[in-house]
Every structure is written in C-alpha cells, then in structure tokens.
Amino acid sequence: MRVNIDVDQSRCVAAGHCVSAAPEVFDQRDEDGVVVLLDEAPAEHEHEGVREAALLCPSAAIAVREAERRL
C-alpha cells in the first residue's frame with residue numbers, strides 16, 4: 001500500500017509532533033517551526049509514524065491518503 005501526504009503550512013502551529021513521530025518524513029523550518037514535508041510518498045516502514053503524525057497534529061495540517069499500488 002502506498003500513502004500520499006498533504007501538508008497545509010498555513011494551518012501549522014509549529015507544535016513539532018510530526019517531527020517526533022516521523023523524523024524522516026517531516027521537518028520544521030528554522031525561522032518559525034512550520035512543518036516541512038521531506039517525502040510525499042514515504043516507504044512502507046514509515047507509514048505508521050506518518051499516520052501518528054497526522055493524528056497528533058493539533059491543527060490538522062497533515063492529511064494522509066492511502067492508495068493501493070497499481071500493478
């Protein structure tokens with residue numbers, strides 16, 4: 001299964017939970033702490049952390065869409 005991630009930086013409150021949950025996928029801008037998406041379609045072993053990041057985000061700035069892989 002594949003996941004795609006959308007980040008709405010205008011909603012981000014710079015809480016940093018996403019970086020704690022999935023540091024290979026999310027980072028924060030140095031100047032204001034707003035989320036930065038490092039990987040729009042992360043590897044499968046990172047999916048659990050990505051889902052946790054979306055759940056923990058206090059402003060719902062992260063959306064995760066799951067899609068079946070086409071063969």
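What's counted below: heavy atoms across the whole structure, side chains too, no hydrogens, waters or symmetry copies.
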(request) Could you tell me whether Asp32 atom CG has more than 12 heavy atoms of other residues or ligands within 6.0 Å of it? (result) yes

(request) Count the heavy atoms of every other residue, nucleotide or ligand shown that sit under 6.0 Å from CD of Gln9, and state whether that count exceeds 12. (result) yes

(request) State yes or no: do Val36 and Val19 share one hydrophobic cluster built from I, L, V, M, F, W and Y residues joined by side-chain heavy-atom distances below 4.5 Å, directly or via other members? (result) no

(message) Between Leu38 and Val50, is there shared hydrophobic-cluster membership here, with clusters defined by ILVMFWY side-chain heavy atoms closer than 4.5 Å?
(response) no

(message) Within the 4.5 Å heavy-atom criterion, are Glu66 and His47 side-chain neighbours or not?
(response) no

(message) Do Glu40 and Ile5 have side chains that approach each other closer than 4.5 Å (heavy atoms only, starting at C-beta)?
(response) no

(request) Identify which one of Cys18, Pro42, Ser20 satisfies the side chain to side chain contact (heavy atoms under 4.5 Å, CB included) criterion when paired with Phe26. (result) Cys18

Where do [X] and [Y] come nearest, in terms of heavy atoms and distance?
X     : Y     : result
Cys12 : Ser59 : CA-OG, 3.7 Å
Ala14 : Gln28 : O-NE2, 3.6 Å
Val13 : Pro58 : CG2-CG, 3.7 Å

(message) Test side chain to side chain contact (heavy atoms under 4.5 Å, CB included) on Glu46 and Val3; report intermediate values, then the result.
(response) CA-CA 10 Å; Glu46 297 174 13; Val3 298; over 6 Å; no

(message) Working note: Asp6 + Ile62, criterion side chain to side chain contact (heavy atoms under 4.5 Å, CB included); need CA distance, chi angles, decisive distance, verdict.
(response) CA-CA 6 Å; Asp6 293 315; Ile62 299 170; over 6 Å; no

